[in-house]
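Within every chain, numbering begins at 1; the chains are lettered A, B, ... in the order of the sequence lines, protein sequences first and strands thereafter.
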Amino acid sequence: MPVTKLLIANRGEVACRILRTCREMEIPTVAVYSDSDRGAMHVRLAVNSYPIGPTPSRESYMRVDKIVDVAKLSGADAVHPGYGFFAEDPEAARKIIDAGLTWIGPSVEVLEKMGDKVVARGIAQRVGVPVLPAVYEVNDDEALVAKAAELGFPLMVKPVLGRDGKGMRMVRTAGELRRALPRVKGEAIFSFWDERVYLEKALVNPHHVEVQIAADAHGNYVYLWERDGSLQRRFQQVAEEAPSPFVTPELRSKLGEAALAIAKEINYVGIGSVEFLLDDDKNFYFLEMTCRLQGGHAVTEWITGEDLVRWQISIARGEKLPLTQEQIPLWGHAFQCRINAEDPDKDFAPSSGTLNYLRTPAGRNIRNDSGVYYGWEMSPYYAPLISKLSAWGPNRELALARMHAALSEYRIGGVRNNVAFHKALTEHKPVLKGEYCTNVFRHAWWKQRGIGPNLKYAVAAALFEELEMEERRAQQPSTDASVEAWKRHNKINRL
Amino acid sequence: MPVTKLLIANRGEVACRILRTCREMEIPTVAVYSDSDRGAMHVRLAVNSYPIGPTPSRESYMRVDKIVDVAKLSGADAVHPGYGFFAEDPEAARKIIDAGLTWIGPSVEVLEKMGDKVVARGIAQRVGVPVLPAVYEVNDDEALVAKAAELGFPLMVKPVLGRDGKGMRMVRTAGELRRALPRVKGEAIFSFWDERVYLEKALVNPHHVEVQIAADAHGNYVYLWERDGSLQRRFQQVAEEAPSPFVTPELRSKLGEAALAIAKEINYVGIGSVEFLLDDDKNFYFLEMTCRLQGGHAVTEWITGEDLVRWQISIARGEKLPLTQEQIPLWGHAFQCRINAEDPDKDFAPSSGTLNYLRTPAGRNIRNDSGVYYGWEMSPYYAPLISKLSAWGPNRELALARMHAALSEYRIGGVRNNVAFHKALTEHKPVLKGEYCTNVFRHAWWKQRGIGPNLKYAVAAALFEELEMEERRAQQPSTDASVEAWKRHNKINRL
Amino acid sequence: MKRTLTIGDETHELEIYRRRGKLTMVWDGEEIPLDLVKVEPTSYSIIMDAHSVGVNIDRVRTMDPDLHGFRASLYDGAYDFTLQDPHKTLLASAMARAKQAGGGLMKALMPGKVLKLFVHEGETVEEGQPILILEAMKMQNEYTAPMNAKVVKIHVEEGMALEISAPMVSLEPLAAE
Amino acid sequence: MKRTLTIGDETHELEIYRRRGKLTMVWDGEEIPLDLVKVEPTSYSIIMDAHSVGVNIDRVRTMDPDLHGFRASLYDGAYDFTLQDPHKTLLASAMARAKQAGGGLMKALMPGKVLKLFVHEGETVEEGQPILILEAMKMQNEYTAPMNAKVVKIHVEEGMALEISAPMVSLEPLAAE
């Protein structure tokens, strides 16, 4: 399938990241933008840019029909969905393909199968990959509560057509389950137009590990090692690393082979991630498959030296994988932090506003994938991602030290952000030791206790701003005639 | 020797680069600054900062006595000279060491020996490494002209105590030599307080290749492959890459072994580069040794994954080298461009002024080492370096494509710069093919011919600025009283 | 210039002044030489006690316009605090006291010069209506009526210099309707 | 608004206007819709003909204050050019012609209103000395004496509206000493 001009049906950091590969491959790019994204970085970096509607993504970035129109208008012959939006929606993929465009992603059939988490479990079981005990035959609340007792608590309630952690909840008692069911179903309908849920046995201290796989149209399959995605909050990853400090070389091959068995069973073509939960004894269980480029792919790119978007494009073109399994490098260690405009001290509430200062880290083996710039207005309509900061080192210790140093350089003005939170993360003992699981954020250990040691410096700068303001004020003449002017400029004391 | 607090006796990009390693190693840093560098990036990034005098570097950065004073004052127990300034000056090293400080660099004896290029040639010859025929016994002009005839033209006239390409000239006839001698001697006295020169046979289409070596105090020696430094103009490198596209694996080991033989002969401890000239038949000749961190070290760091400043510090501490020769990786390919404030269309004349815009490239495997920031004033007193931009790829083709894409993203306002020149370089056939030698810039093939295809875009933005200015002007009242104000603001047509 | 710093439960009395181009910060009475330059639009490089620290300042809106809110970002995290002109604090609390006491005599709360008089004797004024402007400490201090009242007597005229506590205007409170 | 573009040996006649918030650029007579936003202090995002191009503008000083110098940086390199108000070009060349002809009658070079008259009849003026200001096209156009001369006759008064070529001031050149 041709990819001679690529439409990127996304925005922000991932759109910029895809754009950069296209620049290297000399493929012209087409960006799309909603009303509030006219000045966005992805629009500025693209060769062509087209408006696709109002700010809410359901009226712009999610509108496959508009994307197809822009593709026709611009002469693009391929569409990359990025991640999020309609990246894993089989209907969207079908519409793109039916319009005669190359879809950069797995087939409609694969998206349909893996989109249904119950079907996906069945596929894993069919090829002998373990799954956690589950209940999915019934959807009636009371029947589910009754079955839950057989399964045993704690357990997870999940939408059957769920993805990206949306709607998932953990419950510890029948009462919690009863209260959770209507909520999960409600969210499932809102997000996925389907109210079916299922129950799955929850592990106590699980490790979340995902294996990156790639497959071409010629029956070649490889895995590009795993990422550890256990550093998550509410089933959303806040940081990731590769390789996983919990995975031994033997386990690595087992996980890789299990991932490929599933991919082969469904004739997967493209890149994707097979996700597993691991218990403390290193038993692993298939969780689901993410059928797109992942938000954590940078760490895989660091340790392999490969460009996964280039792989996606070359697979879509019908080319063979560039490397065999034996040729895939495992080079050092990489860590990634998701830098968000949010307040870690207030339950990570998103923060919007203008980025009135931005100093991004630089230097050796630092990568900052971003879709923002100095002066950009963070919109409350989209994910509050400022950048994905990743660091590589020849070993885990050096990768972490480099990330820690990079975070010290990162300075963001105008919005609350989680840079200090990530810095605390890279100082957190379990993280330094590589001994953490998905419950790492259960207690808010990162909250600043007391006032930092540099208070005098912090205050000196503010005090200086006050002085400058007073000095400017003092330079103005204080005649009778100026009273009105003072009033106008609010430089008057009202007593 | 202890390195518990490190004074960085340098400025700009290299000071920031050293600082970043110290941050990772949790070594507190001491920066020094001249009068015009109070707000410089290295001052902002350091833990402690001290003024050391007026802007001209001979009155500040070159003043070893002031550096020693600051070390005492700040409690620093080690000094890193960076490159340039007094990095290779044995007298400076002696003063630092005599003050009881750890000198991050090779010994005074090594600096003395290798600083005298004639002595260095002798050392190479002693261990069987070929050198080019030369004349160094005499310093009288006419005697040199007479000897030159025996040697044959073209040949190089070089200061005996020269370094960094300073003063060197190529001559093709006896007349050129006669005219060159007083100039080279003059520059030699000015820069190195020594008027001795020597003549060395010049190769016709030479390749400049330097081998990175490292040695600890325990007698361990390794080489970290070579860099190709042939992309040079007036003996100054403008770009470099590693490994060299001209060097075969067999030649690589030969060069490495030759470099180590020289290092062992002088009991070298530290990191350094042994420089060779290669002719078209891949015969190599020892040129000189650079006894410090090199400006091109980033490409070596990319292909080995190692941090050479960390190596320097650990060697100075008396630790053993972290890797044996067999463990040194050779991973992919890296390319570096030196981004300067200069005008490539006007013989690379330096440009000074305020950096009123700065967008640096980002993304996968891009490294931008810089000491400037948006709003920084480029001083005519220092090297006009804006940044060293390097890119890595799993192979040479991808590294170059990545560099090319990165250069397209790089945008600098306020000063003339060589970004477009470097972009042309990464499109230049001999560079793409890896078939170039040091004469690559003999013809100015990079000069823009005619007007680019995006003239309308370029002009539209300027036209819009004019429109906005007119609109602001139109809003002002045009009463008689305002005439004077208009005059003041130069908004009057003088006919 | 003086400011009261409030951060968390702490307050500190600060002062900053510039003499012959050199800045000094006074922190609860302790003088600290301050080497500070603005390096980027909201970013400062500070060298204090030889320590070099970069500080990025965000202004944070507060409910009280006299309370200046700041968020300073440093390498070790962010600091949220407010700075307030202690004179204003003083004046505001004095005014609040005067108002609560319901007294009819407006006095100068600090030494200054009467810049503008807005009322004349016999006039009735509403609560919050401007009475006069007293220039003091390089600030224009607008005195407003603390209640609905009648202006009984004016003790000053424009341009007059006043000592602290000098009587300015006598008011007779009007009964609420 | 019109401008004359000069780049290398090329010149183009340009115009830009804003109607109902939409920008149009006219390039040698061809109308081109222009979608342009300022994204950073000196940086613009332009979408023209669906092509998205980022342009960074540096102003470059020129000898002639009416000649606005620019350096525009794009992904494909930098463009150096000047923009000039064609009216000014016209006026300047007309003035130059008038000066060369040595004619003693100053005429209005475009329709406008006399804003200010600096001389009176019988006065002697030096070359370059301001004679009057004529407001035209939203600009204050200052007419200066093209040579050392005596003001023989003034044909206008302040506030008077003039047609193009209306006589303004008659000068009698003084012989060079």
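- When only modelled atom types and interatomic distance are considered, D:Asp58 and B:Tyr357 share no side-chain donor-acceptor pair under 3.5 Å.
- With B:Lys423 contributing its side chain and D:Tyr75 its backbone, the two residues share a donor-acceptor pair below 3.5 Å.
- The backbone N or O of D:Met48 lies less than 3.5 Å from a partner atom in the side chain of B:Tyr457, making a donor-acceptor pair.
- Side chain of D:Tyr79 to main chain of B:Asn454: a donor-acceptor pair is present (N/O by atom type, distance under 3.5 Å, no hydrogens or angles).
- With a 4.5 Å cut-off on side-chain heavy atoms, B:Lys456 and D:His12 do not count as touching.
- Using a 4.5 Å cut-off between heavy atoms, B:Tyr374 contacts chain D through its side chain alone, with no backbone atom that close.
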key: Pair B:Leu463-D:Met1, side chain to side chain contact (heavy atoms under 4.5 Å, CB included): steps then yes or no   = CA-CA 9 Å; B:Leu463 201 56; D:Met1 191 204 65; 4.1 Å; yes
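- Rounding to the nearest 0.5 angstrom, the gap separating the CG atom in B:Leu467 from the CE atom in D:Met25 is 12.5 Å.
- Of residues 378-412 of chain B, those residues with a non-hydrogen atom less than 4.5 Å from any non-hydrogen atom of chain D are, in numerical order, B:Ser408, B:Arg411, B:Ile412.
- In terms of heavy atoms, D:Gly77 sits closest to B:Ala420 at CA-CB, 4.0 Å.
- Note on D:Val55, D:Ile46, D:Leu5, D:Ile16: by heavy-atom pairs under 4.5 Å with chain B, the leading option is D:Ile16.
- Heavy atoms closer than 4.5 Å to chain B are found in the side chain of D:Glu10, but not in its backbone.
- Each of D:Ile7, D:Leu23, D:Asn56 has some count of heavy-atom pairs under 4.5 Å with chain B, and the biggest count is that of D:Asn56.
- In the displayed structure, B:Arg234 atom CZ is contacted under 6.0 Å by at most 12 heavy atoms of other residues, nucleotides or ligands.
- Interface remark: D:Ile131 contributes no atoms to any contact with chain B (heavy atom separation under 4.5 Å).
- Pairing each heavy atom of B:Ala458 with each of D:Phe81, the nearest pair is O-CZ, 3.7 Å.
- Using a 4.5 Å cut-off between heavy atoms, D:Ile57 contacts chain B through its side chain alone, with no backbone atom that close.
- Within the 4.5 angstrom heavy-atom criterion, no atom of B:Val419 approaches chain D.
- Going from atom OG of D:Ser43 over to atom CG of B:Asn356 covers 10.5 Å, rounded to the nearest 0.5 Å.
- From B:Arg416, atom CZ reaches atom CZ of D:Arg71 across 4.0 Å, with rounding to the nearest 0.5 Å.
- The environment of CG in D:Asp9 is sparse: at most 12 heavy-atom neighbours from other residues, nucleotides or ligands sit within 6.0 Å.
- Under a cut-off of 6.0 angstrom, the local environment of CD in D:Glu126 is sparse, with at most 12 non-hydrogen atoms contributed by other residues, nucleotides or ligands.
- Between D:Leu36 and B:Ala460, the shortest heavy-atom distance links the atoms CD1-O, 3.9 Å.
- Between D:Arg18 and B:Glu468, at least one side-chain N (NZ, or NE/NH1/NH2) sits under 4.0 Å from a carboxylate O, which counts as a salt bridge.
- Using a cutoff of 4.0 Å between basic side-chain nitrogens and carboxylate oxygens, B:Glu470 and D:Arg3 are scored as salt-bridged.
- Counting heavy-atom pairs under 4.5 Å between each of D:Lys38, D:Arg59, D:Glu15 and chain B puts D:Arg59 at the top.
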